[in-house]
Amino acid sequence: MSIDINSELKRMATEFGLTEKEVVTWWRSAVRQLWGNSPFKRKIMDQNKQIVINDNPRSKKRFPKVTKYRCNISGGLYGANDIELDHLESENSLKSYDHAEDFLKTIMFTSPHLLQVLSKDAHKNKTYADRHGVSYEQAKVIKYVISLDKENKVVD
C-alpha cells in the first residue's frame with residue numbers, strides 16, 4: 001500500500017474545510033510527537049547518557065549520582081530537560097503540502113550517525129545558523145542580541 005501524503009493532506013483539508021496552514025501546522029506537530037515518543041530516539045538518548053556525581057547540594061544526598069548528557073558542540077553536561085536531539089540533515093521548513101512527505105522522511109527515517117545531542121541553547125543557535133546561512137558563532141551572537149532586544153536592554 002502506498003499513500004501520497006501530500007495529496008491526502010490536500011484532500012482532507014478541502015473536505016474538512018481547513019486551511020493549508022492549519023493542516024501543515026498539525027502535520028509538523030504530529031510528526032514531531034511521533035519522533036519524540038519513538039524507540040529510536042530513546043535508543044540514541046540511552047547511548048549518549050552518562051552517570052555522574054550529583055553536584056546539586058539540595059538533591060545530592062538523596063540522589064548521589066544522576067544522568068547527564070554531553071552537548072556535542074559545547075562539551076558541557078546537561079540534564080534531560082536541558083538537551084535536545086538534533087537531526088544533522090533535517091532543515092525542512094514544511095511551509096506547504098509539497099514538503100509534508102519530505103518532512104516525515106527527514107524526521108522519522110533517519111540513522112544514528114545523523115543525530116547528535118545538543119544543549120537547548122546550542123540547538124537554537126545551530127538551527128538559526130542553518131536557516132540563515134551564518135556561522136555557529138555568528139548565530140550565537142545574533143541570538144544573544146535578539147534576547148537582549150526582547151528584554152528591552154538594547155540601546156541604539
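- Of the possible polar contacts, none joining the Glu101 side chain to the Asn6 backbone as a donor-acceptor pair under 3.5 Å is found.
- At least one side-chain heavy atom of Thr67 sits under 4.5 Å from a side-chain heavy atom of Ile51.
- Contact check for Phe40 versus Leu115: no side-chain heavy atoms found under the 4.5 Å cut-off.
- Between Ile53 atom CD1 and Lys60 atom NZ the span is 9.5 Å, to the nearest 0.5 Å.
- Cluster annotation: Phe103 and Phe109 are assigned to the same hydrophobic cluster (Ile/Leu/Val/Met/Phe/Trp/Tyr, side-chain heavy-atom contacts under 4.5 Å, transitive).
- The line from CG of Asp86 to OG1 of Thr127 is 6.0 Å long, rounded to the nearest 0.5 Å.
- Nearest heavy atoms, Tyr69 versus Lys49: CE2-CB, 3.4 Å.
- Taken from NZ in Lys41 to NE2 in His87, the straight-line distance is 9.0 Å, to the nearest 0.5 Å.
- By the neighbour-count criterion of 12 heavy atoms within 6.0 Å, atom CD1 of Ile3 is sparsely surrounded, having that number or fewer from other residues, nucleotides or ligands.
- In terms of heavy-atom proximity, His123 sits nearest to Leu85 at NE2-O, 4.5 Å.
- No continuous path of hydrophobic side-chain contacts links Ile107 to Leu114 [ILVMFWY only; heavy atoms under 4.5 Å].
- Counting heavy atoms of neighbouring residues, nucleotides and ligands inside a 6.0 Å radius, atom CD of Gln33 does not exceed 12 of them.
- The two residues Val23 and Ala13 have their closest heavy-atom pair at CG2-CB, 3.6 Å.
- If you chain together hydrophobic residues whose side chains sit under 4.5 Å apart, Val24 and Leu34 fall into the same group.
- We find the CD1-CH2 distance between Ile5 and Trp27 to be 4.5 Å, quoted to the nearest 0.5 Å.
- Leu77 and Ile44 fall into different hydrophobic clusters, where Ile, Leu, Val, Met, Phe, Trp and Tyr residues are linked whenever their side-chain heavy atoms come under 4.5 Å apart, directly or through other members.
- Counting heavy-atom neighbours within 6.0 Å of Tyr144 OH, excluding the residue itself, gives a total of 12 or less.
- Under the 4.0 Å criterion applied to side-chain N and carboxylate O atoms, Asp46 and Arg42 are not assigned as salt-bridge partners.
- Taking the six-membered ring for Trp, His132 and Tyr128 have ring centres closer than 6.0 Å.
- Lys10 has a carboxylate O that lies under 4.0 Å from a charged side-chain N of Asp98, or vice versa, which qualifies the two as a salt bridge.
- The distance from the NE2 atom of His99 to the NZ atom of Lys95 is 10.0 Å, given to the nearest 0.5 Å.
- The two residues Asn54 and Asn56 come nearest to each other via the heavy atoms OD1-N, 2.8 Å.
- At least one side-chain heavy atom of Leu118 sits under 4.5 Å from a side-chain heavy atom of Asn72.
- Sparse packing is recorded around NZ of Lys140, with 12 or fewer heavy atoms of other residues, nucleotides or ligands lying under 6.0 Å away.
- The two residues Cys71 and Ser119 come nearest to each other via the heavy atoms SG-N, 3.3 Å.
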